[in-house]
Amino acid sequence: MKPMQRFGFLLCILLMLVACREDEDVVQPTVSDVGKDAVTDYRGMYVLCEGNMGSNKATLDYLDLHTGQYWKNIFPSRNPQQVMELGDVGNDAQIYGSRLWLVINCSNKVEVCTADSARSLGHVDVPNCRYLAFDGGYAYVSSYVGEVGQNSVLGSVYKIDTLSLKVVGRCTVGYQPDELCVLDGKLYVCNSGGYQPLMSPPQDYDCTVSQIDLATFREERKITVAPNLFRIQADSHGQLWVTSRGIDDDEQPIPSRLYMLAKDAAGQMQVRDSVDRIVSDFDIVGDTLYFCGSSINGSKMLRHYGAVDTRTAQVITDSLLSEDGTWKVQTPYGIKVHPQTRDIYLMDATNYVSSGYLLCFSRDGRLKWKTSTGDIPGHVCFLKTPLTQ
């Protein structure tokens with residue numbers, strides 16, 4: 001064998017050994033069967049698990065709604081080239097067009113993948129990023145801007161071209177902006193003021209929702225609502241629903257509450273009504289707002305599951321789920337409702353440091369199944385079946 005031939009042969013052997021080694025090191029997903037369900041326009045559901053802060057354990061699970069298989073931690077095997085896998089603290093997951101967008105908070109990035117296979121297409125650097133909204137070919141990402149837990153600075157919303165994955169704009173809003181949504185050409189952003197108690201009295205919390213005009217990408221006004229705002233969604237009646245986590249203060253406590261915002265006679269969005277309920281997360285399907293939450297009464301944790309009529313702001317039920325002794329939730333952390341079957345998916349964060357659970361209930365609140373997830377499951381998005389299939 002000539003020297004060059006020998007070198008080429010040895011190089012091929014070395015590459016094969018390296019490839020085999022990489023395959024051995026890739027974390028493979030675990031699969032469990034939860035049972036087939038009715039076939040709908042939705043073929044799957046991604047579950048983003050946050051992972052405990054600082055542990056670099058954000059994971060992505062996938063539920064195949066047609067086969068009834070639950071795939072736990074699919075990202076490493078779909079993306080073996082990613083050395084650090086998904087990253088630190090998964091904060092939001094949404095599908096826009098043919099792409100899956102994943103906000104990885106403490107890794108300061110938004111990971112963008114193919115929606116049908118979760119294969120990475122690249123990422124966008126956004127500091128202390130929080131939540132996503134989409135409109136007109138752009139992604140809007142809320143950002144605390146400052147480092148996690150550090151002194152408060154005004155937050156921003158970053159505007160990203162969804163094709164090029166380039167940041168094309170930035171708008172300053174309030175302190176520690178969290179969830180955001182688009183309605184009638186405006187972007188509404190919950191300013192949580194999440195870090196402010198570290199340096200300010202409770203009354204100095206940011207209590208506002210920022211209203212941004214999408215045409216100019218400028219903040220037009222701030223709407224005063226309540227302290228410690230978190231979640232926001234628009235309903236089919238042109239109203240906004242916003243959660244306040246309240247303030248746990250011995251001298252001036254402010255309770256958690258759900259607020260409804262609507263336009264006044266002058267066409268300005270204002271608080272119109274509120275619901276005296278503790279809401280950690282909610283989802284709106286049709287005219288029903290489904291919610292879950294938790295609170296502490298002495299040494300006892302209370303769990304809340306209910307529904308609100310978005311037309312009247314009246315509570316429909318405080319017994320959304322039929323707790324019959326066959327299931328138990330330690331820490332209700334997230335809720336999502338199937339747009340067609342109205343099956344209710346509840347995420348249990350358990351103790352925040354070990355595997356969580358995903359529970360599926362029928363529309364009348366009966367438990368259908370329960371399966372283990374990654375650590376702190378909290379964010380869900382449905383994958384629709386292409387019309388061509």
Side-chain angles (χ1 to χ4, degrees), residues 34-35 37 45 47-50 61 63 70 93 178-179 228-233 235 241-246 248 255-260 273-352 355-373 376-382:
V34 298
D37 209 336
M45 185 177 82
V47 181
L48 180 62
C49 304
E50 294 185 2
D61 297 352
L63 170 63
Y70 190 85
D178 270 321
E179 204 163 45
N228 209 351
L229 301 179
F230 183 31
R231 301 284 191 187
I232 184 169
Q233 285 188 42
D235 65 19
W241 292 85
V242 183
T243 64
S244 165
R245 290 174 289 196
D248 185 14
S256 174
R257 205 170 182 90
L258 176 66
Y259 291 86
M260 186 258 275
D273 211 334
S274 67
V275 182
D276 184 17
R277 291 296 183 273
I278 295 170
V279 179
S280 300
D281 193 20
F282 69 92
D283 192 25
I284 299 174
V285 177
D287 292 326
T288 304
L289 182 152
Y290 302 82
F291 70 85
C292 71
S294 61
S295 60
I296 302 295
N297 185 5
S299 60
K300 184 179 181 180
M301 175 179 281
L302 304 179
R303 299 161 185 84
H304 312 276
Y305 316 104
V308 174
D309 189 324
T310 57
R311 296 165 299 183
T312 62
Q314 297 300 306
V315 175
I316 300 171
T317 181
D318 282 314
S319 302
L320 180 65
L321 307 178
S322 303
E323 191 162 5
D324 55 8
T326 61
W327 61 275
K328 182 179 180 181
V329 169
Q330 185 174 347
T331 309
Y333 198 70
I335 191 169
K336 196 72 174 178
V337 179
H338 194 292
Q340 292 178 326
T341 67
R342 299 291 180 98
D343 280 351
I344 303 164
Y345 297 91
L346 184 69
M347 288 155 272
D348 181 4
T350 63
N351 59 3
Y352 294 103
S355 295
Y357 291 99
L358 178 68
L359 298 88
C360 178
F361 299 84
S362 62
R363 62 189 304 160
D364 60 358
R366 292 178 295 104
L367 179 67
K368 298 176 69 173
W369 50 260
K370 176 181 178 180
T371 191
S372 175
T373 69
I376 317 180
H379 312 278
V380 163
C381 59
F382 288 102

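Scope of the values below: all heavy atoms of this structure, side chains included, with no hydrogens, waters or symmetry mates.
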Minimum heavy-atom separation for [X] and [Y], please, with both atom names.
{"X": "Pro377", "Y": "Met347", "answer": "O-CB, 3.3 Å"}
{"X": "Ser362", "Y": "Ile344", "answer": "O-CD1, 4.0 Å"}
{"X": "Ile316", "Y": "Val308", "answer": "CD1-C, 3.7 Å"}
{"X": "Val275", "Y": "Ala313", "answer": "CG2-O, 3.6 Å"}
{"X": "Val34", "Y": "Thr371", "answer": "CG1-CB, 3.9 Å"}
{"X": "His379", "Y": "Ala93", "answer": "CB-N, 4.1 Å"}

Sorted by chain and number, sequence neighbours left out, side-chain contact (heavy atoms from CB on, under 4.5 Å) with Arg303 holds for Met301, Tyr305, Pro332
salt_bridge(Asp364, Arg342) N-O dist < 4.0 Å: no
Quick check: do Ile335 and Leu320 have side-chain heavy atoms less than 4.5 Å from each other? yes
Can you check whether Trp369 reaches Leu359 side chain to side chain, under 4.5 Å on heavy atoms? no
Qualifying residues under salt bridge (charged side-chain N to carboxylate O under 4.0 Å, His left out), relative to Asp37, sequence neighbours excluded: Lys368
Check the pair Tyr259, Val279 against side chain to side chain contact (heavy atoms under 4.5 Å, CB included), reporting the backbone distance first and the verdict last. CA-CA 10 Å; Tyr259 291 86; Val279 179; over 6 Å; no
Kindly say whether [Y] contributes a backbone atom to a donor-acceptor pair with the side chain of [X] at under 3.5 angstrom?
{"X": "Asp283", "Y": "Val337", "result": "yes"}
{"X": "Thr310", "Y": "Asp287", "result": "yes"}
{"X": "Ser256", "Y": "Gly246", "result": "no"}

Quick check for you: to the nearest 0.5 Å, what is the distance between [X] atom [atom1] and [Y] atom [atom2]?
{"X": "Tyr333", "Y": "Asp281", "atom1": "OH", "atom2": "CG", "answer": "9.5 Å"}
{"X": "Ser294", "Y": "Gln330", "atom1": "OG", "atom2": "CD", "answer": "11.0 Å"}
{"X": "Cys49", "Y": "Ile376", "atom1": "SG", "atom2": "CD1", "answer": "9.0 Å"}
{"X": "Cys360", "Y": "Trp327", "atom1": "SG", "atom2": "CH2", "answer": "12.5 Å"}
{"X": "Gln233", "Y": "Ile284", "atom1": "CD", "atom2": "CD1", "answer": "5.0 Å"}
{"X": "Arg363", "Y": "Thr341", "atom1": "CZ", "atom2": "OG1", "answer": "8.0 Å"}

With distance as the sole criterion, is a donor-acceptor pair present between the side chains of [X] and [Y] under 3.5 Å?
{"X": "Asp348", "Y": "Thr350", "value": "no"}
{"X": "Ser244", "Y": "Arg257", "value": "no"}
{"X": "Asp61", "Y": "Tyr70", "value": "yes"}

Among residues at least two apart in sequence or on other chains, which ones pass ring pair (Phe, Tyr, Trp, His ring centres under 6.0 Å) with His304? none
Yes or no on side chain to side chain contact (heavy atoms under 4.5 Å, CB included) for Phe230 and Glu179, after CA distance, side-chain angles and deciding distance? CA-CA 6 Å; Phe230 183 31; Glu179 204 163 45; 5.7 Å; no
Using salt bridge (Lys or Arg N to Asp or Glu O under 4.0 Å), reason through Asp343 and Lys336 one step at a time and then give a plain yes or no. CA-CA 9 Å; Asp343 280 351; Lys336 196 72 174 178; over 6 Å; no
Start with the C-alpha distance between Arg311 and Thr288, add both sets of side-chain angles, then the distance that settles side chain to side chain contact (heavy atoms under 4.5 Å, CB included), and finish with yes or no. CA-CA 8 Å; Arg311 296 165 299 183; Thr288 304; over 6 Å; no
Could you go through Ile296 and Leu302, starting from their C-alpha distance and side-chain angles, then the distance that decides it, and tell me whether this counts as side chain to side chain contact (heavy atoms under 4.5 Å, CB included)? CA-CA 6 Å; Ile296 302 295; Leu302 304 179; over 6 Å; no
If the test is ring-ring contact (aromatic ring centres under 6.0 Å, His included), which one of Tyr345, Tyr290, Phe382, Phe361 qualifies with His338? Phe382
Have a look at Leu258 and tell me which of Val315, Val242, Leu289 forms a side-chain contact (heavy atoms from CB on, under 4.5 Å) with it. Leu289
